[in-house]
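Scroll down for the structure; my scribbles are underneath it.
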Amino acid sequence: MPELPEVETVRRGIEPHVLGRRIERVVVRESRLRWPVESGLAQQLIGRRIEGTQRRGKYLQLVLDNADRLLVHLGMSGRLFVLRAGHALLKHDHVDIELDDGAMLRFNDPRRFGAVLLWRAGEPLHPLLAGMGPEPFSDTFDGEYLYALSRGRRAPVKTFIMDGGVVVGAGNIYAAESLFRAGIKPTRAAGDVSRPRYDRLAQAIREVLAAAIEQGGTTLRDYAGADGAPGYFQQTLDVYGREGLPCHACGKPIRRIVIGQRSSFYCPHCQR
DNA sequence: AGATTCGCCTGAGAGC
DNA sequence: TGCTCTCAGGCGAATC
């Protein structure tokens, strides 16, 4: 399940293959994604040169030479591969973007929770990008920010940091890992977490995401990088998916609970 | 406004 | 072998 580190890994993986390339052909086999792929997409893209790649939250962006941007969201099961044009077709290969050197970006997404959208130059900030919280590596994201925003909130701190309007990138896996590193119990009300502990949490979120990016993301079942390679951060996980296994810090068994319909893992001894 | 629930999807794995 | 059931979950929209 691609979260921020996985999307960043994909961005880094495809960038050298697409930079400066011109789009020659676009094939949309299935337009029913999270939002419909617009019918004129191919016409909008063909002939454009790709000038850069960016990421905002979990949205990957191809910046075109007319300043339009192609937004790609991998949803839960989306993959973006760099292949040679004409590569054998697999089930759920929904969109191809063929480049002028014979390479091809291929979007595959079994569950179709992903999206491929055009954000045209001159249009206001795309609605899906508006209202997003700060990037975890930006200057505006720190303990003070989390502390101020959380006052009066009774929702669990895990739910709070997973809210993309608070900060982007703390998906289920990384929220759990960050809370473990910060020693904070995930069920604690966001408004009851002290300022010093939010300092630790903000730092933990940055550390966990940075480490995951370094290791190419976390591969549990669905995720693979642009070259098809898995990530390796799952070997570093302290709590996620480790129900009943000994805590890496104290040896007591990791507990699994459900918070906001999502599996949550924590160490009842180390996290308070 | 904040919190909660719903709905969209398919594949993997368990159980029979 | 093959069917049915459950679960996974990002995130916008709707509802409480």
Side-chain angles (χ1 to χ4, degrees), chain A residues 1-11 29-37 55-61 71-80 89-95 107-117 119 125-136 146-178 186-193 205 209 212 217-224 230-231 233-234 237 239-243 256-265:
Chain A
M1 46 209 90
E3 298 189 23
L4 186 149
E6 290 74 40
V7 176
E8 179 63 19
T9 298
V10 169
R11 189 194 67 77
R29 296 183 195 82
E30 175 58 86
S31 59
R32 295 172 301 167
L33 304 183
R34 179 71 165 85
W35 292 276
V37 178
R55 179 193 55 74
R56 176 72 174 104
K58 296 176 189 172
Y59 285 89
L60 191 66
Q61 307 181 25
L71 306 183
V72 178
H73 196 292
L74 301 178
M76 294 226 13
S77 55
R79 298 180 180 203
L80 199 57
L89 210 54
L90 294 177
K91 204 172 177 184
H92 310 302
D93 282 341
H94 302 317
V95 179
F107 177 79
N108 176 292
D109 185 7
R111 265 161 275 186
R112 309 209 319 260
F113 279 17
V116 177
L117 301 161
W119 173 25
L125 181 58
H126 195 284
L128 294 170
L129 303 180
M132 288 176 81
E135 288 286 326
L146 286 178
Y147 178 76
L149 194 58
S150 62
R151 292 311 88 187
R153 299 252 198 147
R154 284 165 298 149
V157 61
K158 175 165 181 273
T159 305
F160 175 67
I161 60 169
M162 285 182 67
D163 180 347
V166 172
V167 60
V168 298
N172 201 35
I173 297 173
Y174 300 112
E177 295 299 309
S178 301
T187 51
R188 179 173 291 276
D192 288 345
V193 175
I205 290 171
L209 292 176
T218 303
T219 293
L220 296 177
R221 49 176 74 88
D222 291 323
Y223 169 74
F233 190 70
Q234 64 274 17
L237 297 176
V239 289
Y240 187 87
R242 298 194 63 247
E243 180 183 16
R256 174 186 178 274
I257 56 173
V258 175
I259 303 173
Q261 347 285 25
R262 288 177 174 83
S263 281
S264 306
F265 302 87

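The figures here come from the full heavy-atom set of this structure, side chains too, leaving out hydrogens, waters and symmetry mates. Every chain is numbered from 1 and lettered A, B, ... according to where its sequence line falls, protein lines coming before strand lines.
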Original post:
At under 4.0 Å between heavy atoms, what does A/Arg256 touch on the DNA or RNA strands: base, sugar-phosphate, or nothing?
Top reply: sugar-phosphate
**OP:** Can you tell me the distance, in whole Å, between the CZ atom of A/Arg262 and the P atom of B/dT5?
**Re:** 12 Å
**OP:** Give a yes/no answer on whether the side chain of A/His73 brings an N or O atom under 4.0 Å of OP1 or OP2 in C/dG12.
**Re:** no
Original post:
Distance check: side-chain N/O of A/Arg112 vs OP1/OP2 of B/dC8, anything under 4.0 Å?
Top reply: no
**OP:** Output yes when at least one side-chain N/O atom of A/Tyr174 is less than 4.0 Å from OP1 or OP2 of C/dG10, else no.
**Re:** no
**OP:** Name the nucleic acid region contacted by A/Ser263, choosing base, sugar-phosphate or nothing; use a 4.0 angstrom heavy-atom cut-off, strictly under.
**Re:** sugar-phosphate
**OP:** Could you state the atom-to-atom distance from CG of A/Leu117 to C1' of C/dG10 in whole Å?
**Re:** 14 Å
**OP:** Report yes if a side-chain nitrogen or oxygen of A/Ser77 is closer than 4.0 Å to either non-bridging phosphate oxygen (OP1 or OP2) of B/dC9; otherwise report no.
**Re:** no
**OP:** Using the side chain to side chain contact (heavy atoms under 4.5 Å, CB included) rule, take A/Met162 and A/Asn172 through it: C-alpha gap first, then chi angles, then the decisive distance, then the call.
**Re:** CA-CA 7 Å; A/Met162 285 182 67; A/Asn172 201 35; 3.8 Å; yes
Original post:
OP1, OP2 of C/dG12 versus side-chain N and O of A/Tyr59: anything below 4.0 Å?
Top reply: yes
Subject >> Distance-only donor-acceptor check, side chains A/Asn108 and A/Lys91, under 3.5 Å >> reply: no
Original post:
What pair of heavy atoms forms the shortest contact from A/Trp119 to A/Leu125, and how long is it?
Top reply: CZ2-CA, 3.5 Å
Original post:
Expressed in angstrom and rounded to an integer, what is the separation of A/Ile259 atom CD1 from B/dA3 atom C1'?
Top reply: 15 Å
Original post:
What is the distance, rounded to the nearest whole Å, between atom CZ of A/Arg111 and atom P of B/dC9?
Top reply: 13 Å
**OP:** Under 4.0 Å between any heavy atoms, over every strand shown, what does A/Asn172 touch: base, sugar-phosphate, or nothing? Just pick one.
**Re:** sugar-phosphate
Original post:
How many Å lie between NZ on A/Lys158 and P on B/dT4, as a whole number?
Top reply: 13 Å
Original post:
Does A/Gln261 place a side-chain N or O at less than 4.0 Å from the phosphate oxygens OP1/OP2 of C/dG9?
Top reply: no
Subject >> Nearest-angstrom distance from the residue atom CZ of A/Arg154 to P of B/dT4 >> reply: 8 Å
Original post:
Rounded to whole angstrom units, what separation is found between the CZ atom of A/Phe113 and the P atom of C/dG9?
Top reply: 12 Å
Subject >> Test log, rule side chain to side chain contact (heavy atoms under 4.5 Å, CB included), inputs A/Leu4 and A/Arg55 >> reply: CA-CA 9 Å; A/Leu4 186 149; A/Arg55 179 193 55 74; 3.2 Å; yes
**OP:** Answer with base, sugar-phosphate or nothing: what part of the nucleic acid does A/Phe160 contact at a heavy-atom distance below 4.0 Å?
**Re:** nothing
Original post:
How many Å lie between CG on A/Leu129 and C1' on C/dC11, as a whole number?
Top reply: 13 Å
**OP:** Determine whether any donor atom in the side chain of A/Arg34 lies under 3.5 Å from an acceptor atom in the base of C/dC11, or the reverse, and answer yes or no.
**Re:** yes
Original post:
Reckon A/Lys91 has a side-chain N or O less than 4.0 Å from the OP1 or OP2 of B/dG11?
Top reply: yes
Original post:
At their closest point, which heavy atom of A/Arg32 faces which heavy atom of A/Arg112, and how far apart are they?
Top reply: O-NE, 2.5 Å
**OP:** Using the side chain to side chain contact (heavy atoms under 4.5 Å, CB included) rule, take A/Leu237 and A/Glu177 through it: C-alpha gap first, then chi angles, then the decisive distance, then the call.
**Re:** CA-CA 7 Å; A/Leu237 297 176; A/Glu177 295 299 309; 3.7 Å; yes
Original post:
OP1 or OP2 of C/dG10 less than 4.0 angstrom from a side-chain nitrogen or oxygen of A/Lys58, does that happen here?
Top reply: no
